[in-house]
Amino acid sequence: MSRLRKFAGAAGLLMTLPLAAPVWAAALDPVVKELFSKALDDHPGKEVLMITVVYPPGGGDPVHRHDAHGFIYVLEGTIVMGVKGGKQHTLGPGETFYENPRDLHTVGRNASKTKPAKFLVFLLKDKNKPFFMPVH
């Protein structure tokens, strides 16, 4: 095979690598499902949002904030949670975690590389604001 063909073949392979990385990364992204949203008439401008989050094995969240009161309840598996300035907490089924609106969520991941983890999140937040804001 000529050098040009070898180079073209290698270049073609290298061009596919950037496409493969997002597919792999997406496999570790959490799956979020909205369960319930309700405006709180007696607290103007506020709403409640309930979601479930599933971390795949080895998956987790990027650093982010919610600008909301966040109440987490673990349903299945084991997760590790932490906020800036606090310690990390490893939580199993039936255990809880709280984030206040000023917290920077620095650790949110599945503790297992082989089993998924699922948790329920109850957010008390400003109406019409996003509930998840990545921090770069």
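In this text the structure is predicted, and so the values were computed from the model without any measurement. Side chains included, hydrogens not; waters and symmetry mates left out as well; all remaining heavy atoms used.
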Indicate if [X] and [Y] have the same hydrophobic cluster label, given that clusters are the connected sets of ILVMFWY residues with side-chain heavy-atom separations under 4.5 angstrom.
X: Leu75; Y: Phe36; answer: yes
X: Val54; Y: Leu91; answer: no
X: Val32; Y: Ile79; answer: yes

When rounded to the nearest 0.5 angstrom, what is the spacing between [atom1] in [X] and [atom2] in [Y]?
X: Ile72; Y: His105; atom1: CD1; atom2: NE2; value: 6.5 Å
X: Leu35; Y: Leu120; atom1: CG; atom2: CG; value: 6.5 Å
X: Tyr73; Y: Met50; atom1: OH; atom2: CE; value: 12.0 Å
X: Lys87; Y: Met81; atom1: NZ; atom2: CE; value: 16.0 Å
X: Phe122; Y: Leu49; atom1: CZ; atom2: CG; value: 9.5 Å
X: Leu123; Y: Lys129; atom1: CG; atom2: NZ; value: 13.0 Å

With a 4.5 Å cut-off on side-chain heavy atoms, are [Y] and [X] touching?
X: Leu40; Y: Leu124; result: yes
X: His66; Y: Pro101; result: no
X: Tyr55; Y: Val80; result: no

For [X] versus [Y], what's the shortest heavy-atom pair and its separation?
X: Glu99; Y: Asp103; answer: CA-OD2, 3.4 Å
X: Glu34; Y: Ile51; answer: CA-CG2, 3.9 Å
X: Ser37; Y: Glu47; answer: OG-OE1, 3.6 Å
X: Lys125; Y: Ala68; answer: CB-CB, 3.6 Å
X: Lys46; Y: Asp126; answer: NZ-OD1, 2.5 Å
X: Glu95; Y: Thr90; answer: OE1-O, 4.0 Å

Sub-3.5 Å donor-acceptor pair from the side chain of His43 to the main-chain atoms of Gly45, do we have one?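 No: the side chain of His43 does not pair with the backbone of Gly45.
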Partner set under side-chain contact (heavy atoms from CB on, under 4.5 Å) for Ser112, not counting sequence neighbours: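 Only Asn110, Thr114, Lys115 meet the side-chain contact (heavy atoms from CB on, under 4.5 Å) criterion with Ser112.
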Between Arg109 and Asp61, is there a side-chain N and carboxylate O pair less than 4.0 Å apart?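 Not counted as a salt bridge, because no side-chain N and carboxylate O are separated by less than 4.0 Å.
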